[in-house]
Amino acid sequence: MKYDKIKEGRFISRPNRFLAHVRIDGKEEVCHVKNTGRLSELLIKGAKVYVQEHDNPKRKTRFSLIGIEKNGTLYNIDSQAPNQVAREWVERGDFLSGITYIKQEKTYHDSRFDLYMETNDSKIFMEVKGVTLNKDGIGYFPDAPTERGKKHVLELCDAKKDGYEAYVLFVVKFQPAKGFSPNRLSQPDFADALIMAREKGVKILAVECKVMPGELVIEKEIPVIL
């Protein structure tokens, strides 16, 4: 996926999870933060950031914060981006050959999974998670406990039992990434749910993205360490 009208700035502060103050072209601007996660390891005063400028006069903010640079590594923090780049990845044929139908946001029981796909002989659910937490080149998820994320993993197990193919895709939004691992320190039961899901036939995948100020694209699969 590509962004237009990207500007560079410097992070000042984050008064709440939705807004950030950023210095852009010498002026302090209030920006929408496209991620409600903590991001405490990235949002450091003075950090180089990238924002997207919007022309919509109905918006409360003129800019959206989408990228942060730390120690020379650029991180995409747009929480809506993983679903879009995952769909683009599928449409390119890099996930599976023979996909005949793709739908975003399909409900199954009490969950709404990010992608539903069909081939001539299979029906597939995929839940997509964005990863920005970097520890020594390994991407970790979650950075804070997510009961919703665990619920999705458990319901993918039910879908598998009902005859669907089921996947969890972790989209690592920094480069280079040596692999992915669940963040057991943050939420051990999420890590345990992933292990159980894999034992029940749910496939756990992770991919590394090429991250640029105005672009995000899945490049390759990387190892999953459970």
Side-chain angles (χ1 to χ4, degrees), residues 1-3 11 34-35 37-44 47-50 65-96 114-115 126-146 149-150 152-153 156 165-226:
M1 65 176 291
K2 293 187 177 182
Y3 301 89
F11 176 75
K34 298 192 76 173
N35 190 314
R38 294 176 181 173
L39 303 174
S40 56
E41 75 284 356
L42 296 177
L43 288 175
I44 300 168
K48 183 188 291 187
V49 298
Y50 293 93
L65 177 57
I66 59 169
I68 306 170
E69 191 172 304
K70 181 181 179 182
N71 298 331
T73 297
L74 179 59
Y75 298 77
N76 178 290
I77 65 160
D78 181 355
S79 62
Q80 297 173 348
N83 288 2
Q84 185 169 336
V85 296
R87 177 165 186 152
E88 292 171 357
W89 182 61
V90 171
E91 289 175 339
R92 291 199 308 266
D94 294 339
F95 166 55
L96 284 177
D114 293 314
L115 287 174
M126 176 181 283
E127 182 64 13
V128 181
K129 303 296 184 187
V131 179
T132 58
L133 182 57
N134 179 359
K135 297 180 183 179
D136 299 322
I138 303 293
Y140 286 85
F141 180 93
D143 63 352
T146 167
K150 186 179 76 170
H152 282 152
V153 171
L156 281 173
E165 292 300 308
Y167 290 80
V168 185
L169 177 69
F170 292 94
V171 178
V172 179
K173 298 188 292 174
F174 62 84
Q175 191 177 40
K178 296 183 289 188
F180 164 80
S181 188
N183 190 3
R184 186 168 287 277
L185 289 176
S186 172
Q187 190 177 5
D189 58 349
F190 179 81
D192 292 339
L194 281 182
I195 292 171
M196 182 189 72
R198 185 171 66 176
E199 291 171 350
K200 291 181 178 294
V202 177
K203 296 179 175 65
I204 315 298
L205 303 179
V207 290
E208 176 193 72
C209 290
K210 178 176 75 173
V211 185
M212 300 178 68
E215 184 177 9
L216 184 72
V217 60
I218 292 173
E219 283 206 322
K220 63 180 182 180
E221 288 192 37
I222 55 177
V224 173
I225 308 147
L226 297 184

So which heavy atom on [X] is nearest to which on [Y], and how close?
X    : Y    : result
Y50  : L65  : O-CD1, 3.6 Å
F180 : A206 : CB-CB, 3.5 Å
E41  : T132 : OE2-O, 4.1 Å
P142 : Q187 : CG-OE1, 3.6 Å
A197 : V153 : CB-CG1, 3.7 Å
F141 : G130 : CD1-O, 3.4 Å

Stepwise side chain to side chain contact (heavy atoms under 4.5 Å, CB included) test for L156 and E127: CA-CA 8 Å; L156 281 173; E127 182 64 13; 4.0 Å; yes
Donor-acceptor contact present, side-chain Q175 to main-chain E208, <3.5 Å: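 Not a single qualifying donor-acceptor pair exists.
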Check: S181 side chain, I225 main-chain N or O, donor-acceptor pair, under 3.5 Å: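 The answer is yes, because a donor-acceptor pair under 3.5 Å joins these two groups.
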About how many Å separate [atom2] of [Y] and [atom1] of [X], when rounded to the nearest 0.5 Å?
X    : Y    : atom1 : atom2 : answer
N35  : R38  : CG    : CZ    : 12.5 Å
W89  : C209 : CH2   : SG    : 10.0 Å
M126 : N83  : CE    : CG    : 10.5 Å
M212 : K2   : CE    : NZ    : 9.0 Å
L185 : D143 : CG    : CG    : 12.5 Å
E69  : I44  : CD    : CD1   : 12.0 Å

Salt bridge present between K173 and D78 (N-O < 4.0 angstrom):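 Salt bridge between K173 and D78, a charged N being under 4.0 Å from a carboxylate O: no.
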Derivation and outcome, side chain to side chain contact (heavy atoms under 4.5 Å, CB included), residues I218 and D94: CA-CA 9 Å; I218 292 173; D94 294 339; over 6 Å; no
Cation over ring face, K203 and Y167, 6.0 Å, 45°: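 Yes, cation above the ring, under 6.0 Å and within 45°.
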Contacts of type side chain to side chain contact (heavy atoms under 4.5 Å, CB included), residue E88, not counting sequence neighbours: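 Once residues adjacent in sequence are excluded, the partners of E88 under the side chain to side chain contact (heavy atoms under 4.5 Å, CB included) criterion are M1, Q84, V85, R92.
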Side-chain touch K129/L169, heavy atoms, less than 4.5 angstrom: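 No. Closest side-chain heavy atoms not under 4.5 Å.
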Test side chain to side chain contact (heavy atoms under 4.5 Å, CB included) applied to L205 and V207, step by step: CA-CA 7 Å; L205 303 179; V207 290; 5.6 Å; no
Ring pair (Phe, Tyr, Trp, His ring centres under 6.0 Å) partners for Y140, two or more places apart: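 With neighbours one apart ignored, the set is empty.
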Parallel, tilted or perpendicular: ring planes of F190 versus F170, cut at 30 and 60 degrees: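 Ring orientation, 0 to 90° scale: perpendicular.
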Over 12 non-hydrogen atoms of neighbours within 6.0 angstrom of NZ in K135: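 Yes.
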Intermediate values then yes/no, salt bridge (charged side-chain N to carboxylate O under 4.0 Å, His left out), R87 and D114: CA-CA 9 Å; R87 177 165 186 152; D114 293 314; over 6 Å; no
